[in-house]
Amino acid sequence: MGIRENLARVWEQVARAALKTGRDPGSVKLVAVTKNVSLEVMQEALAAGIKVFGENRVQELVAKQPRLPGDIEWHMIGHLQTNKVKYIIGKVSLIHSLDSLRLAREISRRARERGLVAEVLVQVNISGEETKYGVPPGEVKSFIEEVAGLEGVRVRGLMTIAPFVSDPEQVRPVFRELNRMAGWLKRELPGLPLDYLSMGMSNDFTVAVEEGANIIRVGSAIFGPRP
Ligand SMILES: *Cc1c(COP(=O)(O)O)cnc(C)c1O
């Protein structure tokens with residue numbers, strides 16, 4: 001299967017899931033996850049209509065970015081180490097993986113140095129898996145309140161990674177809970193632009209869209225299985 005065909009299928013599945021719940025399919029942003037994907041294949045994806053790339057490693061992102069057209073939107077989706085923040089500030093439009101205050105302070109510091117505001121999502125460990133990064137659900141509100149007090153960082157919403165399961169229906173409650181939490185936070189913290197819900201990957205994006213995702217991060221369903 002080629003990228004064009006894969007992409008057409010993903011869009012069709014997104015559209016069906018959105019319409020099923022009365023939402024505009026155009027309100028769902030597709031982030032094409034390009035970790036381990038070559039520049040040649042990324043060019044192909046651009047030609048097929050992809051506009052947003054997501055990388056989970058800083059090194060890979062900064063190596064690829066100057067070699068591709070300048071109008072691409074780049075997202076950092078993977079765990080971000082504090083000492084790598086300086087390499088991506090000003091280069092990505094959204095960081096999906098804010099998971100500690102230490103990281104928030106470093107993003108704030110580096111963004112202020114450059115006169116920028118970094119847009120971030122708070123990664124929430126809804127499922128409580130020990131292997132996953134993310135703020136525990138019970139701490140998200142106070143975490144966002146602290147981050148809101150920092151200059152140079154703007155929290156735009158929440159992100160989660162569901163456990164990998166063979167039947168995506170099993171993780172529907174995870175997505176539902178993130179959506180519920182976002183709604184609650186918007187009421188509790190009015191004035192903060194908590195607009196984005198980044199949830200859903202190749203295996204489970206249709207369920208995530210049905211549960212309110214407006215950003216999905218899809219790799220292998222577009223590019224094929226990773227080596
Ligand atoms: C790799 C990755 C994805 C995409 O995974 P696929 O299953 O290939 O769609 C999404 N989000 C994050 C954080 C990732 O690291």
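Every heavy atom of this structure was used, including side-chain atoms; hydrogens, water molecules and symmetry mates were not. Quick caveat: nothing in here was measured; it's all calculated off a predicted structure. Counting convention: from 1, in listed order, for ligands and their atoms alike. The first residue of the sequence shown is numbered 1, and numbering continues consecutively from there.
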Could you list which atoms of ligand 1 come closer than 4.0 Å to a heavy atom of [X]?
| X | answer |
| --- | --- |
| Gly219 | 4 (C), 6 (P), 8 (O), 9 (O) |
| Ile161 | 13 (C) |
| Val218 | 9 (O) |
| Ser202 | 6 (P), 7 (O), 8 (O), 9 (O) |

_Short side-chain donor-acceptor distance under 3.5 Å, His96 and Ser198_ =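 The criterion, which ignores hydrogens and geometry beyond distance, is satisfied for His96 and Ser198.
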*Take Leu94 and Trp74 through the test side chain to side chain contact (heavy atoms under 4.5 Å, CB included) and record every step on the way to the result.*
CA-CA 7 Å; Leu94 191 62; Trp74 294 82; over 6 Å; no
*Indicate, as side chain, backbone, both or neither, the part of Asn203 found under 4.0 angstrom from ligand 1 when only non-hydrogen atoms are considered.*
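No part of Asn203 is near ligand 1 at this cut-off.
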*Option of least heavy-atom distance to atom 2 (C) of ligand 1 (set: Arg217, Met201, His96, Lys35)*: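 Checking each option, the heavy atom nearest atom 2 (C) of ligand 1 is found in Lys35.
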_With clusters defined by side-chain heavy atoms of hydrophobic residues (ILVMFWY) lying less than 4.5 Å apart, directly or transitively, does Val122 cluster with Met181?_
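Yes, because Met181 and Val122 connect within a single hydrophobic cluster, where side-chain heavy atoms sit under 4.5 Å apart.
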_Protein heavy atom at shortest distance from atom 13 (C) of ligand 1_ = Ile77 O, 3.5 Å
*Are any side-chain N or O atoms of Ser202 and backbone N or O atoms of Ala221, one a donor and one an acceptor, separated by less than 3.5 Å?*
yes
*Please determine if Glu73 and Lys29 form a salt bridge, counting it only when a charged side-chain N lies under 4.0 Å from a carboxylate O.*
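Counted as a salt bridge, because a side-chain N and a carboxylate O are separated by less than 4.0 Å.
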*Given Leu185, Val140, Leu192, Leu189, the one that forms side-chain contact (heavy atoms from CB on, under 4.5 Å) with Glu145*: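 Output: one option passes, namely Leu189.
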